[in-house]
A.B. asks: 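Next up is a structure, given as structure tokens.
We count residues from 1, following the sequence as given. Counting starts at 1 for both ligands and their atoms, in listed order.
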Amino acid sequence: MKTQIAIIGAGPSGLLLGALLHKLGIEHIILERQTPEYVLGRIRAGVLEQTTVDLLDEAGVSQRLHREGLPHDGYDLCFDGRRHRIDLQALTGKQVTVYGQTEVTHDLMDARSAAGLNTIYSAVNVKPHGFDGNQPWVTYEHNGQTHTIQCDFIVGCDGYHGPSRASIPQEILNTYEKVYPFGWLGILADVPPVHHELIYANHDRGFALCSMRSETRVRYYVQCSLDDKVEDWSDEAFWAEFKRRLPEDTAAKVITGPSFEKSIAPLRSFVTEPMRFGRMFLCGDAAHIVPPTGAKGLNLAASDVGILYGALAEYYKGNSHGIDHYSQRALARVWKAERFSWWFTSLMHRFPETGDFGRKMQTAELDYLVQSEAAMKVMAENYVGLPF
Ligand code: APR
Ligand code: PHB
């Protein structure tokens, strides 16, 4: 088989890149290890920056997003039993859209099937080859047969554990990592949200987040220990802990109900440099991970794709400037989002090792933040997303 771009991974990065390349008439194939059902079963964050929405518009996959997505003009920060609104609209003139990553993935998959585009699911042993030369290729097995795809470029959209980054010689990779000493226990439940905007709460017992997927479905989280097992958290225990971390008047308004999804996610910051190796590019979680505080993961994946697809469009018109600068441009944005996600995580969570002094520093910073227009503007500008 032959194509222009071989994409490894059909998560949001791979699917969005595929949709945008299709608009440009650039041929591509996507290879995915899992089934479509498995991919759709993964629950991730749900806050889209305007630039992500713009790319979904450009890809022609945003009709449902505009119908069902919830535009949010602000969110609340909560500490010392008080809530303070960060007015994104007043501070930046921008808003964000609350729409689950699962729904984005669904819309991209539907558009792909409708356009008859080629996604090979359940592909086994996918491996990129020859990307240090002029004619790279990808091999994989499917239904017991081995196949080869010759291509101009390989794009690794295969997440943190995928084969793309793993196939790069270790000596030319620079990786930077921070693992946080706690996780997030998250639930989905079909009850109305406690508030029409998100609430990020810093509490002595740990962080809590009130998020949502719609006006009738909530996504709530509490910071938990990495030793916790999801089976040990009954719904009753979750609701009790969640409410304890909110101000009394807010907790009193929480409507509880049975959860239909419950999971624990560890928190990590991770970056690989560079993001291009000859004729292979990395996009999204294959190159970087952020802790979920601030919901930057999907937005960063989208901005990588936005930069790369523009660069590939230029390349096929005879100009390789864009692909030569992809890594540098993408990383400039990645590191700023890494910084914001790390800072927001550090500000809102209970860190066992920093003790009472660390708690006092957090409260002082939060107190300053909500009284300083300048500080709130810095936060808001990062939350709505930096330009690229
Ligand atoms: N062969 C083929 N596909 C693979 C392989 C492999 N060996 N290994 C992994 N994949 C697939 C995964 O099954 C997954 O569907 O690559 C895809 C990677 O998708 P994501 O992990 O969702 O990463 P990405 O598309 O970059 O999306 C980034 O998703 O992980 C979240 O928080 C992250 O919101 C961010 C966004
Ligand atoms: C979510 O809805 O899952 C979510 C929202 C905001 C965050 C993180 C996760 O900062």
A.B. asks: Any idea which protein heavy atom is nearest atom 24 (P) of ligand 1, and the distance to it?
C.D. replies: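 Ranking protein heavy atoms by distance from atom 24 (P) of ligand 1, first comes Ser13 OG, 3.2 Å.
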A.B. asks: Side chains of Asp57 and His66 only: does a donor on one sit below 3.5 Å from an acceptor on the other?
C.D. replies: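 Per modelled atom types, Asp57 and His66 side chains form a pair under 3.5 Å.
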A.B. asks: State whether Tyr383 and Lys94 meet the cation-pi test: NZ (Lys) or CZ (Arg) under 6.0 Å from the six-membered ring centroid, and within 45° of the perpendicular axis.
C.D. replies: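 The answer is no, since Lys94 fails at least one limit relative to Tyr383.
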A.B. asks: Could you say whether the N/O atoms of Leu298 and ligand 1 ever approach to under 3.5 Å?
C.D. replies: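 Leu298 vs ligand 1: N/O contact under 3.5 Å present.
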A.B. asks: Nearest to atom 16 (O) of ligand 1, what protein heavy atom do you find, and at what distance?
C.D. replies: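 Result for atom 16 (O) of ligand 1: Asp158 CA, 3.2 Å.
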A.B. asks: Might you confirm whether atom CD of Glu373 has over 12 heavy atoms from other residues, nucleotides or ligands at distances under 6.0 Å?
C.D. replies: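 No - once you tally the heavy atoms of other residues, nucleotides and ligands closer than 6.0 Å, there are 12 at most.
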A.B. asks: Note the single closest protein heavy atom to atom 14 (C) of ligand 1, along with its residue, its atom name and the distance in Å.
C.D. replies: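 Looking at atom 14 (C) of ligand 1, the protein heavy atom closest to it is Arg42 NH2, 3.1 Å.
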A.B. asks: Could you list the atoms of ligand 1 found under 4.0 angstrom from a heavy atom of Gln34?
C.D. replies: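 In order of number, 13 (O).
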A.B. asks: Which residue owns the protein heavy atom closest to atom 2 (C) of ligand 1, what's the atom, and how far is it?
C.D. replies: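 Protein heavy atom with the smallest distance to atom 2 (C) of ligand 1: Arg33 N, 3.2 Å.
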A.B. asks: With under 30° as parallel and over 60° as perpendicular, where do the rings of Tyr315 and Phe153 fit, or are they tilted in between?
C.D. replies: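 Perpendicular.
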A.B. asks: Can Trp184 be said to touch ligand 2, with heavy atoms closer than 4.0 Å?
C.D. replies: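 Distance cut 4.0 Å: Trp184 passes for ligand 2.
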A.B. asks: So is Phe344 in contact with ligand 2, going by heavy-atom distances below 4.0 Å?
C.D. replies: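 It does not, in that no heavy atom of Phe344 comes within the 4.0 Å cut-off of ligand 2.
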A.B. asks: Considering only non-hydrogen protein atoms, determine which one is nearest to atom 12 (C) of ligand 1 and report residue, atom name and distance to 0.1 Å.
C.D. replies: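 Atom 12 (C) of ligand 1 sits closest to the protein heavy atom Glu32 OE2, 3.5 Å.
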A.B. asks: For atom 6 (C) of ligand 2, what is the closest protein heavy atom, and at what distance to 0.1 Å?
C.D. replies: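 Scanning the protein heavy atoms, the shortest distance from atom 6 (C) of ligand 2 goes to Tyr200 OH, 3.3 Å.
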A.B. asks: Who's the nearest protein heavy-atom neighbour of atom 3 (O) of ligand 2, and how far?
C.D. replies: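 Sorting protein heavy atoms by distance from atom 3 (O) of ligand 2 puts Tyr221 OH, 2.5 Å first.
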A.B. asks: Just going by heavy-atom distances, which of Lys296, His161, Arg44 is nearest to atom 20 (P) of ligand 1?
C.D. replies: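 Shortest heavy-atom distance from atom 20 (P) of ligand 1: Arg44.
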A.B. asks: Regarding Arg279 and the six-membered ring of Phe131, is the cationic atom NZ or CZ under 6.0 Å from the ring centre and inside 45° of its axis?
C.D. replies: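 Negative - Arg279 is either too far from the ring of Phe131 or too far off its axis.
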A.B. asks: Out of Phe79, Phe351, Trp184, Tyr221, which one pairs with Phe207 under the ring-ring contact (aromatic ring centres under 6.0 Å, His included) rule?
C.D. replies: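 Considering Phe79, Phe351, Trp184, Tyr221, a ring-ring contact (aromatic ring centres under 6.0 Å, His included) with Phe207 is found only for Trp184.
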A.B. asks: Tell me which protein heavy atom sits closest to atom 29 (O) of ligand 1, plus the residue, atom name and distance to 0.1 Å.
C.D. replies: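 Among all protein heavy atoms, the one nearest atom 29 (O) of ligand 1 is Gln101 NE2, 2.9 Å.
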A.B. asks: Please find the pair of heavy atoms, one from Leu31 and one from Val138, that lie closest to each other, and give the distance.
C.D. replies: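 That closest heavy-atom pairing would be CD1-CG1, 3.5 Å.
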A.B. asks: Provide, to 0.1 Å, the distance between atom 8 (C) of ligand 2 and the closest protein heavy atom, together with that atom's residue and name.
C.D. replies: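 For this ligand atom, the closest protein heavy atom is Pro292 O, 3.3 Å.
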A.B. asks: Among Asp285, Asn299, Thr105, which residue places a heavy atom closest to atom 32 (O) of ligand 1?
C.D. replies: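 Shortest heavy-atom distance from atom 32 (O) of ligand 1: Asp285.
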A.B. asks: For atom 5 (C) of ligand 2, grab the closest protein heavy atom and report residue, atom and distance to one decimal in Å.
C.D. replies: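 Result: Ser211 OG, 3.4 Å.
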A.B. asks: Who's the nearest protein heavy-atom neighbour of atom 19 (O) of ligand 1, and how far?
C.D. replies: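 That would be Gly11 CA, 3.5 Å.
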A.B. asks: I need the contact type for Leu15 against ligand 1. Using non-hydrogen atoms and a strict under-4.0 Å cut-off, is it side chain, backbone, both or neither?
C.D. replies: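 Leu15 to ligand 1: no contact under 4.0 Å from either part.
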A.B. asks: Closer than 4.0 Å to some heavy atom of Gly297 - which atoms of ligand 1 meet that?
C.D. replies: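 Near Gly297, meaning under 4.0 Å from one of its heavy atoms, ligand 1 has 34 (O), 35 (C).
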A.B. asks: Give the single entry among Pro292, Gly284, Pro12, Pro163 that approaches atom 27 (O) of ligand 1 most closely by any heavy atom.
C.D. replies: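 When every heavy atom of Pro292, Gly284, Pro12, Pro163 is considered, Pro12 comes closest to atom 27 (O) of ligand 1.
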A.B. asks: Check whether NZ of the Lys or CZ of the Arg Lys178 lies under 6.0 Å from the centre of the six-membered ring of Tyr180 and within 45 degrees of that ring's axis.
C.D. replies: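 Because its charged atom sits under 6.0 Å from the ring centre and within 45° of the axis, Lys178 does stack over Tyr180.
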A.B. asks: Answer yes if the ring centres of His288 and Phe270 are under 6.0 angstrom apart, and no otherwise.
C.D. replies: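 No, ring centres 6.0 Å or more apart.
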A.B. asks: With a heavy-atom distance limit of 4.0 Å, tell me whether Cys157 approaches ligand 1 through its side chain, its backbone, both, or neither.
C.D. replies: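 Looking at Cys157 and ligand 1, just backbone atoms fall under 4.0 Å.
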A.B. asks: Does either side chain, that of Thr119 or that of Arg112, offer a donor lying less than 3.5 Å from an acceptor on the other one?
C.D. replies: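 Their side chains do contain a donor-acceptor pair, which is all the 3.5 Å distance test asks for.
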A.B. asks: Between ligand 1 and Tyr160, is the shortest N or O to N or O distance under 3.5 Å?
C.D. replies: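 In fact, backbone or side chain, Tyr160 has no N or O that close.
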A.B. asks: Can you name the atoms of ligand 1, numbered from 1 with element, that are less than 4.0 Å from a heavy atom of Ala301?
C.D. replies: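 So the atoms of ligand 1 that pass are 28 (C).
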A.B. asks: Is there a donor-acceptor pair under 3.5 Å between the side chain of Glu49 and the backbone N or O of Thr51?
C.D. replies: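 Judged by distance alone, no pair lies under 3.5 Å.
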